[in-house]
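Because the structure is a prediction, the values reported are computed rather than measured. The first residue of the sequence shown is numbered 1, and numbering continues consecutively from there.
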Amino acid sequence: MSLGISALTPPKRPEDAMETLLEFPDNRLLIDLCGQYDRHLAQIEQQMGVNILRRGNRLVVMGEKAARDQAEAVLRGLYARLESGRTLELGDIEGAMRMSGGVFGDTVEQMEMFQPGQYEIRTRKKPVEPRTEAQKTYVANLFDNELAFGIGPAGTGKTYLAVAVGVTMLLSGVVEKIILSRPAVEAGERLGFLPGDMKEKVDPYMQPLYDALNDFLPQKQLAKLMEEKRIEIAPLAFMRGRTLSNAFVVLDEAQNATIMQMKMFLTRLGEGSRMVITGDRTQIDLPRGTASGLQDAEKILKNVRGVSFNYFNSKDVVRHPLVARIIEAYEAADGTAG
């Protein structure tokens, strides 16, 4: 008598199965979870190495067990976000994958901080939340410390999150005004040859700060706050001689401040104020031989109580995923050159 195949082959254990079945009770939220033309699912499939099929109010996730577990954590976290009344954008999908460990991290436990209500910054136009572990720590330090440094490459949310926290503190009455500043360094272009008066010459350098504010405040309200001088945007050189009290103060592109400018700016801190210094040590545009005030401040202030230093790298980039790969390529080239 021959034995059947089933008698020779041990039954599959549940963990050996190549599918994970997820059920979502609210079909309307499931539609939002999948995105238009299932583009959210496609993004998760591409970056997490799984296939996802939709069957009614269920999603079938196929792939290796570790990838399925991470994709399940992402999908459940995003669905919980929708249940809390928030919306989903492609950047939120990217953030959830980072927290799951499926793209840039290592632990599924990081997904806990992506659940609704954790480290959310509320502004007039939209809520903002950190999307990486480094961003979470940075936001916590912005609320907890009178002076916080955010140092790392472009696209890691250093300035964006700082301005968002500043807007939140202004709207809640913690501070009376926001002051945003940048060094107007001539990075290969000369201010004197630009058309217009001094404000028109300097405004292009300040545009990223205007862009951030426009993301958080309605245009009319922003215009009114600027007219009342409750929000100011000014070049670093204009800070000399001022005492900045009851204000949330941000110095952006601080790698282009000289040592004397940095000392001048830091000593503007007045009663009831918070100060944030952001910069990227790889993009110094100062004249050759001129030391960066950001690097100098790192050395001098690293052990000062009440000062926090937060560092970002390519894994914290929240722009297009290609930006992270570009930064990694430059970092690798610099390492080879060194």
Side-chain angles (χ1 to χ4, degrees), residues 121-126 128 138-139 141-143 145-150 157-187 191 194 196-258 260-280 285 293-294 297 307:
I121 308 160
R122 292 201 170 272
T123 67
R124 280 285 186 266
K125 290 179 78 171
K126 65 178 183 180
V128 181
Y138 178 55
V139 168
N141 282 326
L142 291 178
F143 282 107
N145 292 279
E146 291 177 308
L147 176 58
F149 283 78
K158 307 180 300 294
T159 305
Y160 194 80
L161 289 171
V163 174
V165 171
V167 169
T168 298
M169 288 191 176
L170 177 67
L171 296 177
S172 61
V174 176
V175 297
E176 295 176 0
K177 56 188 173 182
I178 296 173
I179 299 172
L180 308 177
S181 185
R182 272 185 157 199
V185 172
E186 299 176 3
L191 280 173
L194 293 173
D197 58 21
M198 180 54 69
K199 182 180 185 301
E200 291 170 326
K201 290 175 188 288
V202 168
D203 268 358
Y205 290 87
M206 306 293 121
Q207 191 58 50
L209 302 176
Y210 287 109
D211 291 343
L213 287 168
N214 279 314
D215 263 9
F216 306 136
L217 291 167
Q219 190 171 4
K220 287 184 178 179
Q221 185 180 17
L222 176 57
K224 185 173 187 294
L225 289 169
M226 294 189 74
E227 184 181 347
E228 296 171 349
K229 299 293 184 182
R230 294 184 65 196
I231 293 181
E232 295 182 50
I233 299 179
L236 176 58
F238 290 16
M239 295 295 108
R240 190 174 299 278
R242 300 184 63 180
T243 300
L244 308 176
S245 302
N246 301 310
F248 191 92
V249 190
V250 179
L251 175 60
D252 190 32
E253 297 288 336
Q255 75 275 4
N256 288 324
T258 66
M260 290 304 296
Q261 285 177 327
M262 179 63 74
K263 182 180 178 182
M264 176 273 293
F265 187 80
L266 291 171
T267 54
R268 300 307 93 197
L269 186 65
E271 192 70 29
S273 287
R274 301 292 183 96
M275 187 172 279
V276 187
I277 313 293
T278 68
D280 179 358
D285 297 318
L294 177 62
V307 180

**Request:** Begin from the C-alpha positions of Leu170 and Ile231 and carry the test side-chain contact (heavy atoms from CB on, under 4.5 Å) through to its verdict.
**Result:** CA-CA 9 Å; Leu170 177 67; Ile231 293 181; 4.1 Å; yes

**Request:** Would you check, one step at a time, whether the test side-chain contact (heavy atoms from CB on, under 4.5 Å) holds for Phe149 with Leu294?
**Result:** CA-CA 9 Å; Phe149 283 78; Leu294 177 62; 3.9 Å; yes

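- Of the possible polar contacts, none joining the Arg242 side chain to the Arg268 backbone as a donor-acceptor pair under 3.5 Å is found.
- Closest approach of Ala247 and Ile179 over heavy atoms only: CB-CD1, 4.2 Å.
- The heavy-atom pair separating Gly150 from Lys158 by the smallest distance is O-CD, 3.4 Å.
- Rounded to the nearest 0.5 angstrom, Gln261 CD and Met239 CE are separated by 11.5 Å.
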**Working for side-chain contact (heavy atoms from CB on, under 4.5 Å), residues Lys177 and Lys229** = CA-CA 8 Å; Lys177 56 188 173 182; Lys229 299 293 184 182; over 6 Å; no

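- Using a 4.5 Å heavy-atom cutoff, the side chains of Met264 and Met262 are not in contact.
- Of the candidates Val163, Val276, Thr159, Leu251, Leu180 forms a side chain to side chain contact (heavy atoms under 4.5 Å, CB included) with just one, namely Val163.
- The closest side-chain heavy-atom distance from Leu213 to Leu225 is not below 4.5 Å.
- Val307 approaches Asn145 most closely through the heavy-atom pair N-OD1, 4.3 Å.
- Side chains of Ile277 and Leu266 form a contact here, defined as non-hydrogen atoms less than 4.5 Å apart.
- For the 3.5 Å distance criterion, the side chains of Gln221 and Gln219 fail to qualify, holding no donor opposite an acceptor.
- The shortest distance between side-chain heavy atoms of Met169 and Leu142 does not fall below 4.5 Å.
- Within the 4.5 Å cutoff, the side chain of Leu236 has no heavy atoms near those of the Glu253 side chain.
- Looking at Thr168 and Phe248, their side chains never come closer than 4.5 Å, going by heavy atoms from C-beta outward.
- The 12-atom threshold is exceeded at CD of Glu228, counting heavy atoms of other residues, nucleotides or ligands nearer than 6.0 Å.
- Phe265 approaches Ser181 most closely through the heavy-atom pair CE1-CB, 4.3 Å.
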**Prompt:** Which is it for Ile121 and Phe216 under the side-chain contact (heavy atoms from CB on, under 4.5 Å) test, yes or no, and what are the steps along the way?
**Reply:** CA-CA 10 Å; Ile121 308 160; Phe216 306 136; over 6 Å; no

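- Counting only heavy atoms from C-beta outward, the side chains of Ile233 and Met226 approach each other to under 4.5 Å.
- With Asn256 contributing its side chain and Pro183 its backbone, the two residues share no donor-acceptor pair below 3.5 Å.
- Of all heavy-atom pairs spanning Phe143 and Arg274, the tightest one is O-NH1, 2.7 Å.
- Within the 4.5 Å cutoff, the side chain of Leu269 has no heavy atoms near those of the Val249 side chain.
- Separation of atoms OG1 (Thr278) and OH (Tyr160) is listed at 15.0 Å; rounding is to 0.5 Å.
- The two residues Ser245 and Ser273 have their closest heavy-atom pair at C-OG, 3.1 Å.
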